[in-house]
Amino acid sequence: MSVFTAMEEKDHEQVAFFRDSDTGLKAIVAIHDTTIGPALGGCRMWDYATDEEALKDVLRLSRGMSYKAAIANLNLGGGKSVIIGNSKTDKSEMLFRSFGRFIEGLGGRYITAEDVGTSVKDMEWVRMETDYVTGISRALGGSGDPSPVTARGVYVGMKATVKKQLGKESLAGLKVGVQGLGHVGYYLCKYLNEAGAKLIVADLYEPSVKRVVDEFNAEVVGVDDIYDADMDVYAPCAMGATLNSDTIPRIKASVIAGAANNQLESESSHDRMIREKGILYAPDYAINAGGLINVANEIDGYNRERAFSQAEGIYDTLMTIYDLAENEGIGNQEAAAIVAEYRMKEVSKLKDIHLPRKNVMGKRDQF
Ligand code: NAD
């Protein structure tokens, strides 16, 4: 595959390849779009079978980040990086410091963070070489675990979706099925329990199930039975692609609102299938943007209260998406993309207004 052909396909701005023989680093950074601001997105460490597979993944993931940042009303663009290697056996301080030096060399066009296969500790090594990294521990002034903010965003997003679909202001008395009781699922259950919702839960990991049963009096169903459960709201908070041609026909809930990434197996056909079934679906990257909002808050000095308050904005964002989808007769995933693209286009117009250049001290030159 020609790199430029691949970049042209989804309109990427920049792809940087890094290699360092001393540390064994092989990494790719993809910057999709910086119209709204510097590209922010996590660094995935994965044992890709081929370089082509790694490139394909980083291009796909970085584009997704442009849409997520735009829809979350953040002044950030979309980027992502991949380190080609085994996250269990190939990690070292020097590998991540080497990666940090390369990131520094991009001059702030890309800001990294943790992702699948990387951890807060790895990002702290990156931080030794560059300031362009987020997802540092609270102890070092970073934003720490994003899950409570993600869960809060999902909770307010669920309220918006219920309001639109069922006309109810509150979740009290509603039966909510939560698939996946990990970092986000647990906090979501906590918020739902406080709001008076009845919980129906499923997880592969028994201790996580026991915890929500003990703390929130949840009803348990088997991992394969959650789709058929008698529930008003379904909250997928585990893996991607769980909304597909097998599961959608089984879902009795009239609202789907959960944290998982890439919930639709096929973005177009399953978006349509859900709409035709009369279910109101909260587009994943709009409702789960709390995690990105949390790390983005590190850039100007982390403030937990501000992160939670920005996550509340997910309510209005979803309402905008639902109104557009209703008016245009389209699926919510499609409407979300239109709202995100609109913001990118509108911000780019601001750049037509001339501003004097900033000098090295960050001050505007006088003319
Ligand atoms: P996690 O790994 O802590 O939890 C996932 C849970 O899902 C685990 O307890 C696992 O046992 C369970 N699980 C896996 N397969 C399952 C199945 N088939 N049925 C039932 N349970 C199953 O992950 P997390 O951080 O809670 O994230 C959950 C989802 O939300 C992921 O898709 C993630 O990409 C997305 N997300 C997370 C954040 C965040 O802040 N952590 C932000 C945005 C999106």
Side-chain angles (χ1 to χ4, degrees), residues 40-42 44 46 57 60-61 64-65 67-69 71-72 74 78 80 87 113-120 123 134-135 138 142-158 177-192 199-213 218-229 231 234-244 246-247 250-251 256-265 282-298 304 307-308 310-311 314:
L40 189 145
R44 183 164 287 197
W46 198 255
D57 209 26
R60 176 181 70 84
L61 293 166
M65 293 308 296
Y67 283 76
K68 198 175 217 177
I71 206 127
L74 295 167
K80 202 92 181 181
S87 64
E114 61 179 301
D115 195 76
V116 175
T118 59
S119 66
V120 170
M123 292 307 121
T134 55
R138 293 291 293 280
S143 59
D145 178 12
S147 314
V149 182
T150 305
R152 186 71 201 172
V154 173
Y155 170 71
V156 298
M158 190 183 286
V178 182
Q179 179 193 47
L181 306 167
H183 289 91
V184 182
Y186 169 77
Y187 286 108
L188 179 62
C189 286
K190 187 168 184 283
Y191 291 129
L192 291 170
L199 295 169
I200 302 166
V201 300
D203 196 294
L204 298 166
Y205 188 55
E206 188 45 41
S208 300
V209 174
K210 188 174 178 317
R211 191 176 174 204
V212 298
V213 169
E219 176 189 335
V220 184
V221 292
V223 286
D224 293 326
D225 303 325
I226 185 90
Y227 306 105
D228 309 295
M231 55 193 174
Y234 169 50
C237 298
M239 312 308 277
T242 61
L243 297 174
N244 53 50
D246 292 332
T247 58
R250 292 163 56 190
I251 295 171
I256 299 177
N261 275 315
N262 308 314
Q263 292 172 28
L264 301 171
E265 191 178 76
D284 45 13
Y285 64 84
I287 194 170
N288 74 15
L292 178 61
I293 289 171
N294 195 56
V295 289
N297 259 279
E298 254 181 66
R304 192 86 165 159
F308 271 102
Q310 285 178 357
I314 289 174

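Each ligand, and each atom within it, is numbered from 1 in the order the structure gives. Atom set for the values below is all heavy atoms of this structure, side chains included, hydrogens, waters and symmetry mates excluded.
Taking the centre and axis of the six-membered ring of Y191, the NZ or CZ atom of R152 falls inside the cone set by 45° and 6.0 Å.
Of the possible donor and acceptor atoms, none in the side chain of N294 sits under 3.5 Å from a partner among the backbone N and O of A307. Between the D284 side chain and the Q263 main chain, a donor and an acceptor come within less than 3.5 Å of each other. In terms of modelled atom types and a separation under 3.5 Å, the side chain of T134 and the main chain of V295 share no donor-acceptor contact.
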Dump all N/O pairs between ligand 1 and the protein below 3.5 Å as a table: atom names plus distance, one pair per row.
from, atom 1, to, atom 2, distance (Å)
ligand 1, 3 (O), H183, N, 3.0
ligand 1, 3 (O), H183, ND1, 2.6
ligand 1, 9 (O), D203, OD1, 3.4
ligand 1, 9 (O), D203, OD2, 2.7
ligand 1, 11 (O), D203, OD1, 2.7
ligand 1, 26 (O), H183, N, 3.1
ligand 1, 26 (O), V184, N, 2.9
ligand 1, 30 (O), A259, O, 3.3
ligand 1, 32 (O), A238, O, 2.7
ligand 1, 32 (O), N261, N, 3.3
ligand 1, 34 (O), N261, ND2, 2.9
ligand 1, 40 (O), T150, OG1, 2.6

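Here the side chains of L243 and I256 are in contact, with some heavy-atom distance below 4.5 Å.
Considering every non-hydrogen atom in both P148 and F308, the closest pair reads O-CE2, 3.7 Å.
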